[in-house]
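We name chains A, B, ... by the order of the sequence lines, and we start the count at 1 in each one. Only a predicted model underlies this, so the values are computations on that prediction, with no experimental measurement involved.
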Amino acid sequence: QSEQKWRTKWDEAKSFATTQDSTREKYYVLEMFPYPSGRIHVGHVRNYTLGDVVARYKTAKGFNVIHPMGWDAFGLPAENAAIENNRHPAEWTHENIDAMRAQLKTMGLSIDWSREFATCDPDYYRHEQAMFLDFLERGIAYRKESVVNWDPVDNTVLANEQVVDGKGWRTGAPVERRTLNQWFLRITDYAEELLTEVKKLDKWPEKVRIMQENWIGKSQGLQFKWTICHPEHSEGSLNGGIDSSASPQNDILGEIEVFTTRPDTLFGASFVALAPDHPLSKELAGNKEGFEAFLKECQSTGTSEEAIAQADKLGFDTGYTATHPLLGREVPIYIANFILMDYGTGAIFGVPAHDQRDFDFATKYNLPILPVISSCHPEHSEGSQAGDRDSSASPQNDILSEAYLGDGHLMNSQWLDGLTIEEAKAEVIKRCEANNTGKGVTQFRLRDWGVSRQRYWGCPIPIIYCDDCGVVPVPKDQLPVELPKDISFDKPGNPLAHHPTWKNCACPKCGKDATRETDTFDTFFESSWYQFRYCDPRNESLPVAKDKAAYWMPKNGGVDQYIGGVEHAVLHLLYARFFTKAMRDCGYVDCSEPFTGLFTQGMVTHESYQDENGKWLFPSEVIKEGDTAKHAETGAPVKIRGIIKMSKSKKNVIDPQDIIDTYGADAARLFILSDSPPERDLEWSEAGIEGAWRFINKLYRVIIEVKDALPTDKPENFTEEEQKLRAIAHGAIDGVANDIEKFQLNKAVARIRELSNAITGFKGNASWAQREAIEILIRLINPMTPHLAEELWAELGHTEMLTATPWPVADESLLKTDTIQIGVQVNGKVRATITLAADASKDTAEQEALKAQGVIRALEGLQVRKVIVVPGKIVNVVAG
RNA sequence: GCGGGUGUGGCGGAAUGGUAGACGCUGCAGACUUAAAAUCUGUUGUCCGUAUGGACGUGCCGGUUCAAGUCCGGCCACCCGCACCA
């Protein structure tokens, strides 16, 4: 319709261009910027509509709002497109950006487009190269060996996403693990700060704070040493080879450093286990029969924690034993596939009775299960407790079916018996520290951030390797290290490494021939600091000028409202928090926390389908028949994979452009805000968009019809009908505002519809009160359907656009009510409703309640025992 | 496997421990129309009853409370994340 007209007017008036203005309070609204996949999807529409409502609302509330947009432009899909369609990633990406920008613009978002940038632009990534060099200098960046998924056929590194059921997605070859030298950022140095600060982010959803806390995973524990021994009685011929290798006189072969968060269960230890890639593993089992095969099996599991945790428990008996540091008992040393080298010391002692993984392992390898925690106190009679925990209450008699993880007191543990778990932990740590076998330590689950990627379409890591000088940073005046434009994807593997000349350069130190780092940064690198770049997007010498950062992202507050999908609850948000602190420590900014307020929207989900070969199908390719489905063309059976997150790779993405084209941006926006609460998942369906469209048309029609008849002068007195309408309208002002502040936009829409119903249902002559209500409605709906609101506002004779019009102010005197209706319950069941004066006393309420017909009927044959009156809420008559 | 979340009519959902189902979608009935669409009016949790009315009802089992969708304990189902998808 006429939506384009208003977008042009906003552009001409530069309505959304923001400038620094120290006289006004700033408000920074940011939605997670999109990856330019080609077309916007419903998730984008939801995300940017939410942000736009906030931005327009806060503008009306008088804030100096910054609401920018850009492109998270590096990433794997561009390379996949390059391989599949023989397109250059840059070309593909820029075309996508152009297409998506045009699409976003049709949504009528209040975005300051003058701040737009793409992260693949050298003017953007030169700054992160410079920051990386600073990180290197400060010791935040370092290099170490790390494991990757390796496709042995393509000779290429695979992303976890490219590993399907343990096989390479293109070759189908079983994936192996490879070790590469890679760059890391010391996020673990910030673990403590990241943890304490996240607890203070009170404008973040609690669930995200909890997820981050758990991810950082601070735990107190004991790190202590077990001595490695020969088994006293070498069992049969199994381990025949051992004796020859070490001196037969001395049983002590070394020590294993073990970390545990459960030192209290020390007496329940029945084995020690090492990570497969633990240095001692090779030493103890290196020449054993079957070890190679075992290692190979371990390496066939993917590198993701999920894959490792869900793999069947596998162990390899080294034939050695470890001596219990406090008990002198010997337990076997295993190498186990579920031990992670990255956590703790890469070695554990297993307590099968009180850890489920250890339990599964012990059951499989026939190791003893020794319960040391009893769920009942030792002073009480044992075994008397009934219920499903009795197996652990009297553990000696029963065979445990699972590990006992609950609370309780120590038993079977000599000098720990009777202590609580916490007391026992402290006691064990004390003893170990006293006899110098161990110490209490703090461990974090958080691992350092590996930022190296063996890919072309990312920011080059500004490092040069020289045979003589070693690792040499690229001098800052030589930045940016730009990606070569001519690139070939003919060979699998890292295209940059295959480029004939790009990596050749002179060593900045000695001038000799040297080689560039061909790895590029993880794309989370770009998205970790873009919130700063919007504040000063054209600055050539710095990521962001200090004064601009100080205004928009000051010390005590960053982005006021950040909005994006829950799927980013941990990784992106944690990396961005870390990066901000690292930037602060390098002197770029004063800000410590990038996102003061966070809202995580739910995912947009849709039905998804896979054919028998596991290939994803578009919903349009599928015909549903009750609970089964078949391919529309071939008729082959299709697997219904349920309602899952829309994702391009799963082909269940819906194109919202059709909806915008058919119904207009306002209808699309209103629809997406209407029903589902924003934090909840939204299952896509066509139904409902019509409703939004009808509502918009009706509103327009009704207002255009009456507008000329509405008086412009406020009368002295109002009729009862008019006062009723005014009360609803004024009540909606703060109601909608509160809903928006609390992101309950579905309720805000419902409230607006109630007001609309009151206006269209108004019985009486055209009056000023109607005009008042209509104008309030228009101003309240403006953040949601801005084109409609501007149009109607102009139709009502206003010359100033709504983008420059403040939020209305409610007349408090209209919000009071004289009478209220409350329910009366008899024994908790509602039997009547009574009408009372708003300030009625408890006694009055009780008397009125007992007079109500429904109450009298319900009390027949009963005696009133008690009457509970909750003023303004309810009366409950307790009778029996 | 571990961490986090969600579960309320035919559907999306609303409800500071206090009248469950606001607001909307769908359906049904009616008005207007030659007809259809659009629009307007009414109605729409289930069951019993002609009706006044009553019983049941917020994933399941149990508990606390005068009162539980809401709080507590135990389950079930589904969804998200798990460090190289973004």
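Residue A:Q162 is classed as having no contact, given no heavy-atom separation below 4.0 Å to the nucleic acid. The residue A:Q182 sits close to a base: some heavy atom pair falls under 4.0 Å. A:F524 comes within contact range of at least one nucleobase, with a heavy-atom separation under 4.0 Å. At the heavy-atom level, A:R857 lies under 4.0 Å from the strands shown only through sugar-phosphate atoms. Residue contacts for A:H572: at a heavy-atom cut-off of 4.0 Å it reaches no nucleic acid atom on any strand shown. Note on A:S452: a base of the nucleic acid sits closer than 4.0 angstrom, heavy atoms only. Residue A:G602 is classed as having no contact, given no heavy-atom separation below 4.0 Å to the nucleic acid. As judged by a 4.0 angstrom heavy-atom cut-off over every strand, A:I308 is placed among residues making no nucleic acid contact.
Nucleotide B:rA86 holds its C1' atom 17 Å from the CZ atom of A:F525, rounded to whole Å. When rounded to the nearest whole Å, the span between CD1 of A:I781 and P of B:rC23 equals 16 Å. The CH2 atom of A:W457 sits 19 Å away from the P atom of B:rC85 (whole-angstrom rounding). Rounded to whole angstrom, the span from the CD atom of A:E690 across to the C1' atom of B:rC25 amounts to 11 Å. For A:F74 and B:rC85, the CZ to P distance is 17 Å, given to the nearest whole Å. With rounding to whole Å, A:L446 atom CG is found 13 Å from B:rC82 atom C1'.
For the segment residues 748-763 of chain A, residues with any heavy atom less than 4.0 angstrom from an atom of RNA chain B are, sorted by number, A:A750, A:R753, A:E754, A:N757.
The shortest distance between the side-chain N/O atoms of A:K698 and the OP1/OP2 oxygens of B:rA38 is not below 4.0 Å. Residue A:T833 places none of its side-chain N or O atoms closer than 4.0 Å to OP1 or OP2 of B:rU19. Residue A:R831 has no polar side-chain atom (N or O) positioned under 4.0 Å from OP1 or OP2 of B:rU19.
Looking at residues two or more places apart in sequence or on another chain, you find a side-chain hydrogen bond (donor to acceptor under 3.5 Å, both in side chains) between A:T835 and A:Q821. The side-chain hydrogen bond (donor to acceptor under 3.5 Å, both in side chains) test applied to A:R831 returns no partner, not counting sequence neighbours. When the ring pair (Phe, Tyr, Trp, His ring centres under 6.0 Å) test is applied to A:Y35, no partner is found at least two apart in sequence or on another chain. Residues that satisfy the side-chain hydrogen bond (donor to acceptor under 3.5 Å, both in side chains) test with A:E848, not counting sequence neighbours, are A:K851.
Of all nucleotides listed (B:rG54, B:rA83, B:rC84), B:rC84 comes nearest to the side chain of A:V157. Counting only heavy atoms from C-beta on, A:L76 has its side chain closest to B:rA86 among B:rC40, B:rC84, B:rA86. Of the listed nucleotides (B:rG1, B:rC40, B:rC84), B:rG1 has the atom at the smallest distance from the side chain of A:E306. For A:L571, counting side-chain heavy atoms from C-beta on, the closest listed nucleotide (B:rU19, B:rC84, B:rA83) is B:rA83. Considering only the side chain of A:S304, B:rA83 comes nearest among B:rA83, B:rG53, B:rG18.
At a cut-off of 3.5 angstrom, counting only N and O atoms as typed in the model, there is no donor on one side facing an acceptor on the other between the side-chain of A:Q310 and the base of B:rC82.
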| task | Using a 4.0 Å cut-off on protein heavy atoms (strictly under), produce a 5'-to-3' string for nucleotides 2-14 of chain B with B for base contact, S for backbone-only sugar-phosphate contact, and - for none. | result | -SSS-S----BSS
Acceptor/donor pairs from residues 822-829 of chain A side chains to any protein atom, 3.5 angstrom cut, sequence neighbours excluded:
residue, atom, partner, partner atom, Å
A:N827, OD1, A:A879, N, 2.9
A:N827, ND2, A:A879, O, 3.0

Would you list the protein and nucleotides 64-66 of chain B atom pairs, both N or O, that sit under 3.5 Å from each other?
residue, atom, partner, partner atom, Å
B:rC66, O2', A:N876, ND2, 3.2
B:rC66, O2, A:N876, ND2, 2.7

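Among residues at least two apart or in separate chains, side-chain hydrogen bond (donor to acceptor under 3.5 Å, both in side chains) pairs with a member in residues 69-83 of chain A are A:W71-A:E116, A:N80-A:R170. Under the side-chain hydrogen bond (donor to acceptor under 3.5 Å, both in side chains) criterion, the residue pairs touching residues 667-682 of chain A are A:D52-A:R669, with sequence neighbours excluded. Every pair passing salt bridge (Lys or Arg N to Asp or Glu O under 4.0 Å) that includes a residue from residues 33-43 of chain A is listed here, sequence neighbours excluded: A:R39-A:D655. Screening residues 205-214 of chain A for side-chain hydrogen bond (donor to acceptor under 3.5 Å, both in side chains) gives A:Q212-A:R577 as the qualifying pairs, with residues at least two apart or on separate chains.
For the pair A:K144 and A:F184, the cation sits on the ring face: its NZ or CZ lies under 6.0 Å from the ring centre, inside 45° of the axis.
A parallel orientation is assigned to the rings of A:Y530 and A:F33, their planes being inclined by less than 30° (bins at 30° and 60°). A perpendicular orientation is assigned to the rings of A:H568 and A:H572, their planes being inclined by more than 60° (bins at 30° and 60°). Using cut-offs of 30° and 60° on the angle between ring planes, the pair A:W449 and A:Y575 is parallel.
With no hydrogens or angles considered, a side-chain donor-acceptor pair links A:D448 and A:T188 at under 3.5 Å.
Pair assignment for B:rA77: B:rU6, on the basis of Watson-Crick or G-U wobble contacts that are both within less than 3.5 Å. When Watson-Crick and G-U wobble pairs are counted only if both distances are under 3.5 Å, B:rU41 pairs with B:rA29. Nucleotide B:rG18 forms a pair with B:rC66, judged by Watson-Crick or G-U wobble geometry with both contacts under 3.5 Å. B:rU46: Watson-Crick or G-U partner is B:rA55, with both key distances under 3.5 Å.
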